[in-house]
Amino acid sequence: MPELPEVEVTRQSFAGRIENARIHTAWLGKPLRWPLGCQPAALAGRRVLGVRRRGKYLLLDLEPGLLLIHLGMSGSLAFSDRLPERGVHDHFELITDQGSLRLHDPRRFGAVVYAPDEAAPQARKLLDRLGTEPLSDQFEPLAFWRGLKQRRSAIKQVLLSGDLVVGVGNIYACEALFHAGIRPTTRAHRLSRVRAARLHQAIREVLARAVLQGGSTLRDFSSASGDAGHFQLEAAVYGRAGQACAVCATPISLLRQGQRSTYFCHSCQRN
DNA sequence: AGGGTGACCTGTCGGC
DNA sequence: TGCCGACAGGTCACCC
């Protein structure tokens, strides 16, 4: 479910409310992608100082410690002072004096990992390889283009790999490539500096717009406050195979790249 | 070392 | 109605 916009919207929806909360109880259900790395009971009594985001990870700064939360494909968080009874797909919960934070994740590709701090191996293992934050000033067109020049695989695969730029998943890779007029199969190293700059801009605009729209709700994503996203309603290509392109009316094409669906306009997007 | 593939897990949907 | 395969927002370990 969650790409950068969904993760950021989730963060914004509960960061302020959990700030300075004292953890009363931590509860762990079925195994997630990785083990927590500590006993849940060891988290009791700690404070939650705040919530940051790095790529698709949420970082809960504790006193002391750090919790890394990844939503995988089907995860979502809920934060409230009164949550309904736990369901079969609820697998982690932090009960605090300001409300409960609960992870719902049917496929369990998500994870909650404890690390003593950000420099600890448990955290570095997950964060070290991550590329640049696309909405930060660190993300520059020229550096992006230089990075692309070193990669021979299809541009969409490079975006999804997350080692050049983070947070771009299947939906927003398709959308950004459409807005930049670039065919998803184009080899990254063949993009000109001008087209790389166009893609750089498209990534920023698409992600920023999606955050404003509350993310994309395809099946059941909602923020930690329970609000659905609306960006899917303005997707130009994602999930629209066979429908007319809004720009040129050509039917949107569908192909598979690395076992993922790619949507694009054969006419608007060129090699 | 870059690049491609299978694996993880559950739910849903379309076709027969 | 029921069964079966394909597919779903991610990413890691493993091969060449």
Side-chain angles (χ1 to χ4, degrees), chain A residues 1-11 29-35 53-58 68-77 87-92 103-113 121-131 147-177 184-190 203 206-207 210-211 213-223 228-235 237-242 254-263:
Chain A
M1 150 205 317
E3 303 181 33
L4 183 149
E6 290 74 31
V7 177
E8 176 59 20
V9 164
T10 296
R11 190 192 70 78
K30 282 192 186 178
L32 294 161
R33 171 152 200 188
W34 299 301
R53 180 189 56 74
R54 175 75 177 101
K56 297 172 187 168
Y57 288 91
L58 286 174
L68 300 96
I69 301 179
H70 197 290
L71 300 178
M73 287 280 265
S74 59
S76 60
L77 291 173
V88 285
H89 296 309
D90 295 327
H91 303 301
F92 181 79
L103 174 66
H104 174 86
D105 186 4
R107 293 179 73 180
R108 290 190 281 127
F109 287 174
V112 182
V113 173
Q122 300 95 314
R124 298 194 51 171
K125 182 169 182 244
L126 302 179
L127 303 178
D128 266 7
R129 72 171 56 177
L130 299 184
L148 293 179
K149 291 223 77 90
Q150 328 223 161
R151 304 293 298 270
R152 309 188 74 78
S153 43
I155 180 60
K156 188 196 176 212
Q157 305 285 63
V158 173
L159 294 181
L160 290 184
S161 77
D163 40 39
L164 251 187
V165 57
V166 290
V168 182
N170 208 31
I171 297 178
Y172 302 109
C174 292
E175 293 299 311
L177 287 165
T185 47
T186 302
R187 306 270 162 180
H189 68 112
R190 310 211 41 183
I203 289 168
V206 163
L207 294 178
V211 171
Q213 288 297 299
S216 294
T217 297
L218 266 48
R219 311 183 128 78
D220 57 2
F221 169 75
S222 64
S223 74
H230 304 287
F231 184 83
Q232 73 281 3
L233 300 174
E234 53 188 73
V237 290
Y238 186 85
R240 303 181 56 91
L254 171 61
L255 62 79
R256 298 226 119 222
Q257 290 179 284
Q259 302 155 310
R260 316 293 303 275
S261 292
T262 296
Y263 301 86

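Just so we're clear, the structure is a prediction, and the values are computed from it rather than from any experiment. Residue numbers begin at 1 in each chain, while the letters A, B, ... track the order of the sequences.
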**Student:** Nearest whole angstrom, please: distance from the C1' of C:dA8 to the OH of A:Y172.
**Tutor:**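 So the two atoms are 15 Å apart, to the nearest Å.
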**Student:** Atom CG of A:L177 and atom OG1 of A:T185: how far apart are they, to the nearest 0.5 Å?
**Tutor:**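 The OG1 atom of A:T185 is 9.5 Å from CG of A:L177, to the nearest 0.5 Å.
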**Student:** So which nucleotide does B:dT10 pair with, by the Watson-Crick or G-U wobble rule with both distances under 3.5 Å?
**Tutor:**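 Its partner is C:dA8.
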**Student:** Report yes if at least one side-chain N or O of A:R260 is closer than 4.0 Å to OP1 or OP2 of C:dA6; otherwise report no.
**Tutor:**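 No, because none of the side-chain N or O atoms of A:R260 sits under 4.0 Å from OP1 or OP2 of C:dA6.
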**Student:** State whether A:H70 places a side-chain N or O below 4.0 Å from either non-bridging phosphate oxygen (OP1 or OP2) of C:dG10.
**Tutor:**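 No, because none of the side-chain N or O atoms of A:H70 sits under 4.0 Å from OP1 or OP2 of C:dG10.
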**Student:** If we count only N and O atoms by modelled type, under 3.5 Å, do the side chains of A:R187 and A:S153 hold a donor and an acceptor together?
**Tutor:**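 Not at all, the side chains of A:R187 and A:S153 share no donor-acceptor pair under 3.5 Å.
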**Student:** Taking only the side-chain nitrogens and oxygens of A:R151, find out if one of them lies under 4.0 Å from OP1 or OP2 of B:dG3.
**Tutor:**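 It does, given that an N or O in the side chain of A:R151 lies less than 4.0 Å from OP1 or OP2 of B:dG3.
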**Student:** DNA chain B: A:Q259 or A:S153, which has the more 5' nearest nucleotide?
**Tutor:**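 The residue closer to the strand's 5' end, by nearest nucleotide, is A:S153.
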**Student:** Is the phosphate of B:dG2, meaning OP1 or OP2, less than 4.0 Å from a side-chain N or O of A:Q150?
**Tutor:**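 For B:dG2, OP1/OP2 do not have a side-chain N/O of A:Q150 under 4.0 Å.
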**Student:** It should be established whether A:R108 places a side-chain nitrogen or oxygen under 4.0 Å from OP1 or OP2 of nucleotide B:dT10.
**Tutor:**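 Yes, such a contact exists.
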**Student:** Looking at A:H89, I'd like to know whether one of its side-chain N or O atoms comes within less than 4.0 Å of OP1 or OP2 on B:dG11.
**Tutor:**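 For B:dG11, OP1/OP2 do have a side-chain N/O of A:H89 under 4.0 Å.
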**Student:** Using a heavy-atom cut-off of 4.0 Å across all strands, would you classify A:Y57 as base, sugar-phosphate, or nothing?
**Tutor:**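 Sugar-phosphate, backbone atoms only, no base.
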**Student:** Show the distances under 3.5 angstrom between N or O atoms of the protein and N or O atoms of nucleotides 13-16 of chain C.
**Tutor:**
none

**Student:** If you measure from the P atom in B:dT5 to the same atom in C:dC7, how many Å do you get, rounded?
**Tutor:**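 Per the computed distance, 15 Å lies between those P atoms.
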**Student:** So, is A:S74 near the phosphate of C:dG10, with a side-chain N or O under 4.0 Å from OP1 or OP2?
**Tutor:**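 Checking A:S74 against C:dG10: no side-chain N or O falls below 4.0 Å of OP1 or OP2.
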